[in-house]
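Presented below is the structure to which this report refers.
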Amino acid sequence: MKSTAKGGIKPIEKLTTRKENSMDVIFIAGKSAVGKDTFFQNITDKKYNKIIPYTTRPKRSNEVDGVDYHFISDKTVLNHEDIAAMAQYHPAIGGTWTFIIDKKSFIEDKINVVIAPPSMIKTIQETMGVTGTIIYLYTFAHSRISRMLNRDTSSAAISESCRRYLADEKDFKEYYDRCNSKEFCNVLSEHEVYQYMCVTFTRHEVNNLMDIIYSTAKTEG
């Protein structure tokens, strides 16, 4: 990410907003270890532009730079005018992890797909001037906790898993409430419209499901 700005990564008080435009964006949201990355990686249709975020979080052993994230140093210099959204977290082990979605990653004539939490989705909608379609991935709490613990069983990782679980309960409360009231159309769970839980999807199933959701959203829009 090129920049001419001075200084490293700092919290943003206010991002520049754009007027409403017709750019297509599909947001994938879900609590930790629900399967967002697996779902995202199985989107292979070329009409979808998959947005890869930047992060200062340490790379996991199974992650690939430029595929899962663009891994950057917390000293990386960024131009705030290029940032669509940024979030900072304080992990249980201490310090700060920054996650950034770059405006330049979006392509006007593609269906842009990005994984983001609710707070970043709202910011992207404001800064990019888009509404987009939100897909909320869902699975049982015990499944997510088991997946998190399977990644790393060190005491530090367990503490971080607990922090993330509790933070998710707060951050996704609005989505949970909206799902229960049937306001969300594109919820992948065993109880909602598409009758899917986020478990193991084949690549063909993921691409078909994306097409169904996108077509439905365009028709309703």
Side-chain angles (χ1 to χ4, degrees), residues 1-18 25-41 49-106 112-130 132 134 137 144 148 151-152 154 156-175:
M1 183 184 293
K2 296 181 180 180
S3 171
T4 56
K6 295 182 179 180
I9 299 171
K10 299 177 181 178
I12 299 175
E13 294 182 0
K14 186 174 178 59
L15 294 170
T16 304
T17 59
R18 291 177 53 177
V25 182
I26 295 178
F27 299 102
I28 299 175
K31 297 177 181 179
S32 300
V34 74
K36 298 183 297 294
D37 292 334
T38 301
F39 187 88
F40 184 78
Q41 289 165 6
N49 173 45
K50 295 158 67 174
I51 308 296
I52 309 299
Y54 292 78
T55 183
T56 63
R57 174 177 66 71
K59 185 169 74 69
R60 296 172 185 150
S61 60
N62 64 330
E63 292 178 326
V64 178
D65 187 22
V67 175
D68 299 285
Y69 290 95
H70 297 293
F71 292 94
I72 58 175
S73 164
D74 58 5
K75 295 182 180 180
T76 301
V77 178
L78 302 173
N79 185 345
H80 284 188
E81 293 181 359
D82 293 337
I83 297 175
M86 182 173 80
Q88 293 186 311
Y89 303 94
H90 304 289
I93 59 174
T96 302
W97 292 346
T98 302
F99 293 82
I100 295 167
I101 295 174
D102 182 21
K103 287 181 180 179
K104 294 180 179 179
S105 298
F106 291 82
N112 298 277
V113 185
V114 58
I115 297 175
S119 60
M120 292 186 79
I121 289 175
K122 288 182 179 179
T123 303
I124 293 170
Q125 289 171 329
E126 293 174 358
T127 58
M128 299 298 294
V130 299
I134 301 171
L137 304 183
R144 295 190 296 103
M148 284 191 280
R151 291 173 178 171
D152 191 342
S154 66
I158 292 173
S159 296
E160 176 58 17
S161 295
C162 292
R163 183 201 69 80
R164 291 173 64 186
Y165 178 84
L166 294 174
D168 283 343
E169 293 303 295
K170 177 181 178 181
D171 295 343
F172 284 88
K173 184 180 185 304
E174 178 187 352
Y175 282 19

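Just so you know, these numbers come straight off a predicted model, no measurement behind them.
- One N or O on the side chain of Lys36 and one on the backbone of Lys31 form a donor-acceptor pair closer than 3.5 Å.
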* To do: Show your reasoning for whether side chain to side chain contact (heavy atoms under 4.5 Å, CB included) applies to Ile115 and Asp37.
  => CA-CA 8 Å; Ile115 297 175; Asp37 292 334; 3.5 Å; yes
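- Of all heavy-atom pairs between Ser105 and Asn112, the closest is O-OD1, 4.2 Å.
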* To do: Walk me through it: do Arg57 and Glu63 pass the test salt bridge (charged side-chain N to carboxylate O under 4.0 Å, His left out)?
  => CA-CA 11 Å; Arg57 174 177 66 71; Glu63 292 178 326; 2.7 Å; yes
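- Between Ala29 and Tyr175, the shortest heavy-atom contact is CB-CE2, 3.8 Å.
- Under the 3.5 Å distance criterion, the side-chain polar atoms of Lys50 are matched with a main-chain donor or acceptor of Phe40.
- Closest approach of Trp97 to Ile93, counting heavy atoms only: CZ2-CD1, 4.1 Å.
- At a threshold of 4.5 Å between non-hydrogen side-chain atoms, the residues Thr96 and Tyr89 do not count as touching.
- Gly132 and Phe27 make their closest contact through CA-CE1, 4.1 Å (heavy atoms, listed as atom of the first residue, atom of the second, distance).
- In terms of heavy-atom proximity, Leu137 sits nearest to Ile28 at CD1-CG2, 3.7 Å.
- The backbone N or O of Thr56 sits nowhere less than 3.5 Å from a side-chain atom of Asp74 that would complete a donor-acceptor pair.
- In this structure, Ala84 and Phe106 approach most closely via the heavy-atom pair CB-CE1, 4.2 Å.
- Listed by chain and residue number, nothing satisfies the salt bridge (Lys or Arg N to Asp or Glu O under 4.0 Å) test with Lys59 (two or more places apart in sequence, or in another chain).
- Side-chain contact between Met120 and Ile101 is present, with at least one heavy-atom pair separated by less than 4.5 Å.
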* To do: Could you go through the salt bridge (charged side-chain N to carboxylate O under 4.0 Å, His left out) check for Glu81 and Lys103 one step at a time?
  => CA-CA 8 Å; Glu81 293 181 359; Lys103 287 181 180 179; over 6 Å; no
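- A donor-acceptor pair under 3.5 Å is formed between the side chain of Glu160 and the backbone N or O of Ala92.
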